[in-house]
Amino acid sequence: MATYNYVEPTNSNLVCCICRAPFVDPVTTQACSHTFCRGCISEALEHSLQCPVDRLPLTPEDLTSAGPLIRSLVDELLVSCPNNDCPHVCQRDLLQGHLDACEFLIVDCPEQSCHQMVVRKDAVNGACIHSAVICSECYAEVAMSEYEAHSSTCPDSACSCEHCATEISKSTIELHGETCERAPVVCTHAPNGCSWKGERRLRDGHISSCPYEAIKGFFIIHKDTTAALKEENALLQAKIDALQGHLRATTRDLQVAKAALGPWYTNAVNRTEAGLPIHHPPRSRAPTSASLNPATSPQPPLPGPRASISTLGSDAPNPAPASVTPTHVNATPGPSNTSHDWRAHSSRPSPNISHNWDPSSLTARSIARDVVAPIDLGTSLEGSLHGLRESMVTLSTTVDSVGRRSEIALTNETVRLNEEVMSVRAHLHGLRMQVHAIMMDRNTQVTGRVDEGGGITEGAWIPTRFSQVPGQPQIPLSITKL
Amino acid sequence: MASISARRLSKELKEIMNEGCPVGITLLKAEDFVSWQFTIQVMGESLYKDEIFTLLFRFDRDYPISSPAVQFVTVDGKVSPVHPHVYSNGHICASILGSEWSPVLSVISVCVTLQSMLASCKKKERPADNDRYVRHAPDNPKKTQWHYDDDTV
Ligand SMILES: [Zn+2]
Ligand SMILES: [Zn+2]
Ligand SMILES: [Zn+2]
Ligand SMILES: [Zn+2]
Ligand SMILES: [Zn+2]
Ligand SMILES: [Zn+2]
Ligand SMILES: [Zn+2]
């Protein structure tokens with residue numbers, strides 16, 4: 001036996017390294033104690049006279065049978081019977097005994113003239129299973145081995161009708177069932193509600209007295225009508241489905257539009273309810289300014305924010321040039337409200353220019369908030385947008401003119417400041433001269449070495465210098481005591 | 001009745017399927033017990049970094065008693081590694097494939113040996129007699145009478 005089907009994985013110590021299978025008739029080398037199958041190592045030695053594992057010289061004479069322990073270990077390995085379909089599992093050394101009796105062993109057919117093979121268990125009765133037999137019912141040729149299976153399904157095997165007990169063949173029983181006089185049937189009007197049940201032969205008798213038979217014509221008309229209605233219903237159902245889908249899409253769009261429109265959506269709805277069309281562009285402007293009016297109530301003459309802004313814009317250029325007048329350029333800074341006249345409503349006179357710039361601009365901003373009315377949600381979106389745009393246009397022109405005016409004001413201020421700086425410089429020069437004179441004076445007093453002539457010259461000079469400074473009060477003499 | 005080589009190779013194939021190949025070696029083709037193909041790649045730093053070669057094993061009925069015929073594939077755009085023991089036609093001059101063959105060796109152990117042969121290479125060059133050998137080489141490298149001049153292989 002050259003090959004075994006081991007049912008369990010084998011301990012690697014029992015595996016021959018040449019054939020990689022558990023040892024068969026194991027032999028061991030004397031010199032290096034390596035174990036192989038006898039067949040494997042004999043073949044290897046024919047090829048090369050050395051041990052395959054360590055390449056030491058080896059001849060067939062150096063091999064001895066492996067010890068009884070190894071032999072019994074490999075002999076006890078479980079193997080399965082190699083014959084197809086045989087489930088037998090046994091120890092390896094017992095397999096040969098099983099094979100001698102295995103029912104699944106392939107043997108020659110017992111019939112001498114037949115040259116086919118059969119498994120042993122089919123050969124025991126001595127008959128050739130390959131020979132065909134004729135079915136006694138259907139006269140078909142059936143192999144001996146398949147005869148049992150055939151007889152249970154043979155279409156011509158006899159059986160009897162369960163209703164009329166007629167003997168018929170299996171293949172025709174279904175056909176008979178449809179005509180059997182004693183088979184139970186229902187009335188032909190059962191779909192319409194007749195509950196009659198009985199043998200087929202009695203049905204004709206029932207039909208002549210069946211109440212449904214009398215109104216047969218009505219049923220036909222009714223059936224047609226119902227069918228037409230069903231068809232129409234299906235059509236309508238499809239239409240409704242389509243419309244529902246359409247409605248869903250529209251609702252979704254509407255919600256998106258609603259979200260985008262915000263508060264104007266409700267206004268539009270209100271106006272529509274009031275009977276006014278939503279699209280009415282010419283109307284939109286008048287209500288805008290009119291509705292803005294109440295918000296700007298503190299300024300009765302102004303018709304609206306647009307008007308008030310434009311009024312500011314047009315008034316502004318006039319006072320601005322006035323601020324350039326040279327009268328303002330002097331040492332004592334007076335109220336310079338002229339340069340801020342254009343801020344029509346701030347109007348609180350500021351005592352100081354430098355003080356005027358920042359806080360008053362804040363005031364102006366808060367006033368602007370009062371002047372420009374809040375967005376009117378009462379009109380249509382289009383009207384509001386139009387009003388907003390108007391405001392934007394006026395605002396931009398106002399900003400423009402404000403820019404121009406502040407530029408002029410800045411230039412004026414710069415000129416004035418320049419002059420002021422110059423006058424301060426002159427004052428400073430005078431002061432320096434005075435200090436110088438005083439210092440000279442003190443030097444004279446402290447040292448007392450100054451001659452009369454020189455002192456007079458100095459004294460005469462100093463007042464002259466003092467008198468040259470315009471608008472400068474005479475320095476009191478007490479200043480020398482500083 | 002299956003031949004010895006078929007039984008032994010089916011065992012080796014089962015082992016490869018169950019346990020996989022060592023790193024850098026993959027089974028490419030093993031449709032019968034006549035010839036198998038493996039790809040072989042040297043892992044880590046070496047002269048053959050990122051190069052992948054294909055090994056062809058051819059078995060006769062006496063395997064594993066007789067050695068398999070092993071060579072690198074040099075067709076279909078595949079090349080043999082440039083190595084002092086590998087000829088440009090894919091033949092390998094390695095003693096374990098000839099006189100040093102032992103039935104205890106296996107396909108995978110041959111792959112691993114060749115992998116380490118490539119990994120230990122110091123200089124990429126062909127054998128000195130490459131051109132002369134390739135001109136007259138037999139189809140099967142086992143028919144060549146190899147002269148192993150290097151003990152390390
Ligand atoms: Zn063996
Ligand atoms: Zn040994
Ligand atoms: Zn059996
Ligand atoms: Zn027969
Ligand atoms: Zn039959
Ligand atoms: Zn019947
Ligand atoms: Zn009826």
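Labels below follow one simple rule: chain letters A, B, ... track the order of the sequence lines, proteins then strands, and each chain is numbered from 1.
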Which of parallel (below 30°), tilted (30 to 60°) and perpendicular (above 60°) describes F33(B) and W36(B)? tilted
Which bit of S106(B) comes within less than 4.5 Å of chain A, counting heavy atoms only: side chain, backbone, both or neither? both
Here the salt bridge (Lys or Arg N to Asp or Glu O under 4.0 Å) pairs for residues 63-86 of chain A, sequence neighbours left out, are D25(A)-R71(A), D75(A)-R92(A)
Applying a strict 4.5 Å limit to non-hydrogen atoms, the region of E46(A) in contact with chain B is neither
Can you tell me which portion of C16(A) sits under 4.5 Å from chain B's heavy atoms? Options are side chain, backbone, both or neither. neither
Anything under 30° is parallel, anything over 60° is perpendicular, the rest tilted; go ahead and classify W101(B) against Y63(B). tilted
Donor-acceptor check, side chain of E12(B) to backbone of R7(B), threshold 3.5 angstrom: yes or no? no
Is any NZ, NE, NH1 or NH2 atom of the basic residue among E15(B) and K11(B) found under 4.0 Å from an Asp or Glu carboxylate oxygen of the other? no
Looking at chain B, which one of A44(A), S48(A), G39(A) has the largest number of heavy-atom pairs inside 4.5 Å, strictly under? A44(A)
Listed once per pair and sorted, the ring pair (Phe, Tyr, Trp, His ring centres under 6.0 Å) pairs that draw on residues 23-78 of chain A, sequence neighbours left out: none
Side chains of H83(B) and I92(B) in contact at under 4.5 Å (non-hydrogen atoms): no
Report, in residue-number order, which members of residues 124-136 of chain B are under 4.5 Å from chain A by heavy-atom distance. none
Any chance you could lay out the side chain to side chain contact (heavy atoms under 4.5 Å, CB included) test for L9(B) and F59(B), step after step, and finish with the verdict? CA-CA 9 Å; L9(B) 285 170; F59(B) 310 101; 3.7 Å; yes
Any side-chain donor paired with an acceptor under 3.5 Å for D60(B) and S66(B)? yes
To the nearest 0.5 Å, atom CD1 of I106(A) lies from atom CE of M117(A) at 6.5 Å
If the contact rule is any heavy atom under 4.5 Å from chain B, which residues of residues 51-67 of chain A qualify, in numerical order? P52(A), V53(A), R55(A)
Side chain to side chain contact (heavy atoms under 4.5 Å, CB included) between T250(A) and H246(A): does it pass, once the steps are laid out? CA-CA 6 Å; T250(A) 314; H246(A) 198 71; 4.0 Å; yes
